[in-house]
2 protein chains.
Amino acid sequence: MVTKQLLKDLPEDADLRRADSLAREIFSDVANKWALLIIEALGERTLRFSELRNEVEGVSHKMLTQNLRMLERNGLVDRKAHPTVPPRVEYTLTDPGRALRTAVDVICGWTQQHLGHIESARGRFDA
Amino acid sequence: MVTKQLLKDLPEDADLRRADSLAREIFSDVANKWALLIIEALGERTLRFSELRNEVEGVSHKMLTQNLRMLERNGLVDRKAHPTVPPRVEYTLTDPGRALRTAVDVICGWTQQHLGHIESARGRFDA
DNA sequence: CAGCATCCACCTCGATACTG
DNA sequence: CAGTATCGAGGTGGATGCTG
């Protein structure tokens with residue numbers, strides 16, 4: 001990513017710049033702890049707000065709302081509000097959301113796999 | 001990841017909890033904008049501090065130092081200081097670092113691929 | 001139950017200045 | 001050049017209370 005700006009003063013210039021800054025923005029949105037944990041928690045399931053709150057350990061009400069809004073805005077999760085009382089709101093990953101989840105899975109797998117290496121690296125560094 | 005705590009009062013209990021909290025810690029370290037951008041910028045190359053500063057657009061001196069220390073501590077980058085004057089310090093991804101980079105690549109690819117979808121999703125949401 | 005608004009303690013981050 | 005320390009503005013995120 002982060003398309004190198006090699007062209008100069010060409011018509012596409014502005015468009016490329018815009019696409020690049022958009023990409024950076026999306027990357028910043030998505031490359032954060034809570035967003036990734038929410039995506040991972042959702043997986044293939046459809047979860048209510050309160051269920052999600054329980055699944056994503058340690059997330060506050062506020063952070064969950066905030067990140068869900070952001071993910072919804074970027075078209076990564078689908079929000080379905082049922083007009084019942086009490087309210088019932090369900091969240092599901094969209095196709096792009098599911099696609100991104102594979103990347104999150106890789107990170108999670110990587111974390112598990114290298115726990116040992118990291119722990120010993122820390123031991124060495126802290127000494 | 002985030003191993004479900006299903007066992008109760010067993011000997012392994014403590015160990016599992018520790019591994020889990022360690023995993024969370026690492027995930028938090030790694031799932032942040034600058035760390036991922038630094039890993040992506042390094043790639044297969046060996047770069048000096050100042051080169052890295054140029055490659056990772058928008059990173060401040062402080063953030064770069066801070067994240068490099070963290071990555072070094074976790075054994076993701078290798079730091080090699082040459083005792084010359086002026087100083088010359090080179091950074092390279094370790095094997096685990098390179099492994100994680102494949103995940104970053106997936107995220108970057110995903111970002112590029114879904115730019116259009118995301119932009120239109122935003123348009124819809126903001127309306 | 002889900003969501004929004006408010007308040008505020010804390011911490012992140014950039015700027016700056018200084019060392020080896 | 002690389003790194004550390006300091007400081008201050010601004011952002012982050014938790015707690016709380018209120019709405020439909």
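Naming convention: chains lettered A, B, ... in sequence-line order (proteins, then strands); numbering from 1 in each chain.
- Side chains of B/Asn74 and B/Asp29: a donor-acceptor N/O pair is present below 3.5 angstrom, by distance only.
- Bending across the helix from C/dC1-D/dG20 to C/dG20-D/dC1, expressed as the angle between its end axes from five pairs apiece, amounts to 40° (10° rounding).
- Every pair passing salt bridge (Lys or Arg N to Asp or Glu O under 4.0 Å) that includes a residue from residues 105-119 of chain B is listed here, sequence neighbours excluded: A/Arg18-B/Glu119, B/Arg101-B/Asp105.
- Remark: A/Arg88 is not in phosphate contact with D/dG20, judged by side-chain N or O atoms under 4.0 Å from OP1 or OP2.
- The interatomic distance linking B/Gln66 (CD) with C/dA15 (C1') rounds to 14 Å, in whole Å.
- Between B/Asn32 and B/Asn67 the shortest heavy-atom distance is ND2-OD1, 3.6 Å.
- Rounded to whole Å, atom P of D/dT4 lies 9 Å from atom CZ of B/Phe49.
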Can A/Arg45 and A/Glu55 be said to form a salt bridge (Lys or Arg N to Asp or Glu O under 4.0 Å), step by step?
CA-CA 12 Å; A/Arg45 300 179 292 175; A/Glu55 292 291 327; 3.4 Å; yes
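- Atom CG in B/Leu37 sits about 13 Å away from atom P in C/dC13, given to the nearest Å.
- The distance between atom NZ of A/Lys80 and atom P of C/dC1, rounded to the nearest whole Å, is 22 Å.
- Heavy-atom distances to DNA chain D give each of B/Ser50 and A/Trp34 a nearest nucleotide, and the one nearer the 5′ end belongs to B/Ser50.
- Residue A/Arg79 places none of its side-chain N or O atoms closer than 4.0 Å to OP1 or OP2 of C/dA2.
- Contact check, A/Tyr91 against C/dG3: a side-chain N or O comes under 4.0 Å of OP1 or OP2.
- Rounded to an integer number of Å, the gap from CE of B/Met63 to P of D/dA2 is 18 Å.
- Considering only side-chain atoms of A/Arg69, the nucleotide from C/dC4, D/dG13, C/dG14 that sits closest is C/dC4.
- Among the protein residues, A/Arg53 comes within range of no part of the nucleic acid, since none of its heavy atoms lies under 4.0 Å from any strand.
- When each of A/Val59 and B/Val89 is assigned the nucleotide of DNA chain D with its nearest heavy atom, B/Val89 is the one assigned upstream, toward the 5' end.
- Closest approach of B/Glu51 and B/Thr46 over heavy atoms only: OE1-O, 4.2 Å.
- At whole-Å resolution of the value, CG in A/Leu64 and C1' in D/dT12 are 16 Å apart.
- Taking 3.5 Å as the limit, the base of D/dG3 and the side chain of B/His61 contain a donor-acceptor pair of atoms between them.
- When the P atom of D/dG11 is taken as reference, atom CE of A/Met70 falls 18 Å away, rounded to whole Å.
- Between the CD atom of A/Glu25 and the CD1 atom of B/Ile118 there is a distance of 10.0 Å, given to the nearest 0.5 Å.
- Rounded to whole Å, the distance from CG on A/Asn54 to P on C/dC1 is 10 Å.
- The residue among A/Thr65 and A/Pro87 whose nearest nucleotide of DNA chain C lies closer to the 5′ end is A/Pro87.
- Without hydrogens or angle criteria, B/Thr111 side chain to A/Ala23 main chain gives no donor-acceptor distance under 3.5 Å.
- A donor-acceptor contact shorter than 3.5 Å links the side chain of B/His82 to the backbone of B/Arg88.
- Side-chain N/O atoms of B/Arg48 include one lying less than 4.0 angstrom from OP1 or OP2 on D/dA2.
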